[in-house]
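Comments concern the structure below.
All values below were derived from every heavy atom in this structure, side-chain atoms included, with hydrogens, water molecules and symmetry-related copies excluded. Within every chain, numbering begins at 1; the chains are lettered A, B, ... in the order of the sequence lines, protein sequences first and strands thereafter.
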Protein chains: 2
Amino acid sequence: MRRNRDGAPRASIKDVAERAGVSPQTVSRVANGYEHVRPEKREKVLAAMKELGYRPNRAARNLKSGRFRSIGFVTFNLSTFGNDRTLDAVAEASEKAGYTTTLLPLSNPAATDVAGAVGRLEEQAVDGIILIMSAEVGSLDELPVAAGLPVVIVDSDAHLPYTVVDSDQEQGARIAMQHLIDLGHRDIVHIAGPANSFSAQRRAETYRRIASEAGLVERPIRYGDWSAASGLAHGEQILREHPRPTAIFAGNDQMALGAMHAFHEHGLRIPGDFSVVGFDDAEGAATFWPALTTVHQNLDRVGHTAATLLLSLIEGEPDAHSRTLIPTRLVVRDSTGPASAVH
Amino acid sequence: MRRNRDGAPRASIKDVAERAGVSPQTVSRVANGYEHVRPEKREKVLAAMKELGYRPNRAARNLKSGRFRSIGFVTFNLSTFGNDRTLDAVAEASEKAGYTTTLLPLSNPAATDVAGAVGRLEEQAVDGIILIMSAEVGSLDELPVAAGLPVVIVDSDAHLPYTVVDSDQEQGARIAMQHLIDLGHRDIVHIAGPANSFSAQRRAETYRRIASEAGLVERPIRYGDWSAASGLAHGEQILREHPRPTAIFAGNDQMALGAMHAFHEHGLRIPGDFSVVGFDDAEGAATFWPALTTVHQNLDRVGHTAATLLLSLIEGEPDAHSRTLIPTRLVVRDSTGPASAVH
DNA sequence: CTGAAAGCGCTAACAC
DNA sequence: GTGTTAGCGCTTTCAG
């Protein structure tokens with residue numbers, strides 16, 4: 001009998017077979033819930049398993065089946081908003097399907113690193129990959145193809161020839177803008193996420209399109225980096241403009257928080273002087289001062305959908321390169337109000 | 001040559017051997033960077049590998065070595081504050097050591113579920129387990145022992161006979177309280193996290209001890225659930241007290257945010273009327289209104305330490321059941337100020 | 001320095 | 001119903 005590193009015996013199927021006085025095959029059948037085993041033998045085997053504390057060896061099963069029953073989750077940074085929740089949903093869905101979720105961190109979002117990661121990915125013990133791209137990182141195209149594994153991409157560029165799942169960024173930005181327009185705002189500034197972020201790009205484009213369609217005052221887009229600090233900096237600058245906009249559409253809640261902080265600092269009222277809309281509906285947004293109107297992303301569904309699609313690819317479904325957009329919804333709270341007549 | 005599910009050929013060590021005109025053994029040696037291989041053969045093998053796109057088969061290696069080169073990360077909820085960052089640090093550290101990180105979600109924090117999870121854990125393809133306990137969940141004692149794998153526990157009860165890593169909750173609560181006391185506050189109320197949370201318990205105990213040692217006004221502890229909404233509810237209630245406390249020590253930043261919201265709502269000033277201290281230094285805390293004084297947890301180090309310890313256990317280090325506490329630090333911002341003379 | 005043989009634990013295929 | 005045989009891909013002996 002083989003032993004663990006700590007010297008504890010580790011029973012194999014053979015040990016159980018000997019103990020129960022049957023063949024290894026019969027043990028295997030019992031272990032896998034096969035029907036046609038004589039009850040008395042089955043009992044003996046079960047007893048032997050219990051006595052020996054038998055656990056099937058995963059590595060052997062993997063080798064035999066050519067599968068790992070695990071899906072790889074690739075991302076640069078779990079702490080980026082939403083990634084943890086997406087991962088949570090992925091892990092839950094895959095667990096329900098009997099799969100584990102293996103984290104494959106890419107330490108550095110540089111193109112070279114991505115290339116290097118390709119090789120490592122192929123050696124990993126996973127049957128498919130969920131890739132959270134979130135930002136441009138060189139040749140994305142090479143990555144999944146080279147891996148020779150099914151891939152589902154989340155939060156990424158539209159035109160990729162892969163199965164893609166994402167929040168509907170365009171629809172989210174639209175309902176945010178429409179809300180402000182409905183309140184009478186004609187001069188809305190957009191604090192966008194970093195220019196290399198796909199979702200930031202999508203939201204900013206939509207801002208631009210809607211502002212133009214609705215004939216709003218033209219304002220250059222202000223690029224932040226998702227951080228509250230960058231929102232604060234832009235908030236300060238917005239205060240120095242003449243005339244001032246009457247509303248802010250921030251690319252995420254953190255930047256909205258920063259802008260609101262700047263306005264408070266200067267004694268301005270929200271939504272009296274400025275209406276503010278965020279994006280994400282992050283934890284605490286409902287309790288910001290004032291409670292933040294924002295676009296809620298259903299990341300549970302994003303993650304669940306990504307996992308479900310990947311699992312079906314793994315199970316042999318042909319890859320249709322589908323593109324699934326999960327709708328967002330506007331959560332109206334206290335940071336938005338009617339545009340004041342004169343500003 | 002075996003084929004992938006999608007029909008793509010998958011070269012084995014044997015295929016490479018044939019192609020290069022050597023034995024499988026030599027290929028293995030080259031693949032593992034063995035020294036004593038004639039350069040010309042090495043070249044041939046390398047070329048054959050490249051042509052065939054050879055990748056070692058992880059399952060076979062695992063079977064042979066009895067190791068998976070993966071560590072399991074067990075948690076109930078990734079979205080709980082800090083778990084994502086801890087996981088990030090764990091994944092990074094384990095990746096550097098050539099390990100992957102496998103997520104083993106426990107869908108339900110019930111004792112029965114934990115028991116059921118034990119069995120599944122033992123079959124997982126991991127060499128050790130990091131367990132984020134965070135709350136009481138029945139018989140924790142059984143879990144890791146039964147798994148027969150090295151275990152490191154994070155954020156848990158003190159007395160467990162395992163290797164434990166955690167932020168130093170007691171020290172964190174102490175510096176928060178000391179800060180308020182130094183500012184002259186004698187009447188401090190504590191909004192604690194849920195009673196079944198280990199870290200909430202530890203922070204609340206410390207609050208109680210320090211308040212008593214310093215002879216502060218006695219106040220019952222108010223229990224929230226970590227959410228901003230619960231902080232808001234307690235904030236409302238605190239406003240109705242006579243006399244009112246002059247300072248709030250909240251068990252986390254979200255509840256601090258909630259309390260501050262309540263105070264704003266009633267036109268009170270922070271820190272003029274109330275000083276507020278949080279815990280966590282969550283994203284955005286520096287940009288709350290006002291910027292929140294809080295206790296910063298070094299979760300990177302918590303995760304890194306947990307991973308490093310676990311890896312050394314996996315590599316054969318005897319388990320010393322050590323207990324590592326990572327110090328926190330106070331970040332003084334704008335939500336705390338001197339106690340006003342009369343309240 | 002290199003190859004041949006054996007076996008890790010499991011299960012599919014084939015006897016009986 | 002049950003056992004035997006063979007082999008997944010790799011690496012650790014052991015010969016040469």
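Note on Ser23(B): a side-chain N or O is less than 4.0 Å away from OP1 or OP2 of dG3(C). Between Lys14(A) and dG3(D) there is no side-chain N or O to OP1 or OP2 distance below 4.0 Å. For Lys41(B), a side-chain nitrogen or oxygen approaches OP1 or OP2 of dG3(C) to under 4.0 Å. For the OP1/OP2 pair of dT2(C) and a distance below 4.0 Å, the side-chain nitrogens and oxygens of Arg38(B) include at least one atom meeting the criterion. Remark: Arg61(A) is not in phosphate contact with dG9(C), judged by side-chain N or O atoms under 4.0 Å from OP1 or OP2. Residue Asn57(B) has no polar side-chain atom (N or O) positioned under 4.0 Å from OP1 or OP2 of dC8(D). The phosphate of dG3(D) (OP1 or OP2) has a side-chain N or O of Thr26(A) nearer than 4.0 angstrom. The side chain of Tyr54(B) places an N or O atom within less than 4.0 Å of a non-bridging phosphate oxygen (OP1 or OP2) of dC10(D).
The Ala60(A) side chain lies nearest to dC10(C) when the options are dT5(D), dC10(C), dG3(C). Side-chain proximity of Val37(B) to the nucleotides dT5(D), dT2(C), dT11(D) is greatest for dT2(C). The side chain of Gln25(B) has dG3(C) as its nearest neighbour among dG3(C), dC10(C), dC10(D). Of the candidates dA13(C), dT11(D), dC10(C), the closest approach to any side-chain atom of Ile13(B) belongs to dT11(D). Here the nucleotide nearest the side chain of His36(A), chosen from dG1(D), dG9(D), dT4(D), is dG1(D).
The distance between atom CZ of Arg67(B) and atom P of dT11(D), rounded to the nearest whole Å, is 15 Å. Between the CD atom of Glu18(A) and the P atom of dG9(C) there is a distance of 12 Å, given to the nearest Å. Distance OH (Tyr34(A)) to C1' (dC10(C)): 15 Å, rounded to an integer number of Å. In this structure, the CG atom of Leu52(B) is 13 Å from the P atom of dG9(D), given to the nearest Å. Residue Glu40(B) contributes atom CD, which lies 11 Å from atom C1' of dC1(C) at whole-angstrom precision. Residue Phe68(A) contributes atom CZ, which lies 16 Å from atom P of dC8(D) at whole-angstrom precision. Residue Leu63(B) contributes atom CG, which lies 12 Å from atom P of dG9(D) at whole-angstrom precision. Between the P atom of dC8(C) and the NZ atom of Lys64(A) lies a distance of 15 Å, rounded to the nearest Å.
No salt bridge links Glu40(A) with Lys44(A); every basic N to acidic carboxylate O contact stays at or beyond 4.0 Å. Contact check on Lys14(A) versus Glu18(A) returns no salt bridge, with no Lys/Arg side-chain nitrogen under 4.0 Å from an Asp/Glu carboxylate oxygen.
Between the side chains of Asp15(A) and Ser12(A), a donor-acceptor pair is found at a separation under 3.5 Å. Checked by atom type, the side-chain pair Ser94(A)/Thr101(A) shows a donor-acceptor distance below 3.5 Å. Between the side chains of Asn298(B) and Arg85(B), not a single donor N or O lies within less than 3.5 Å of an accepting N or O. Of the N and O atoms on the side chains of Ser70(A) and Thr102(A), at least one donor lies less than 3.5 Å from an acceptor on the other residue.
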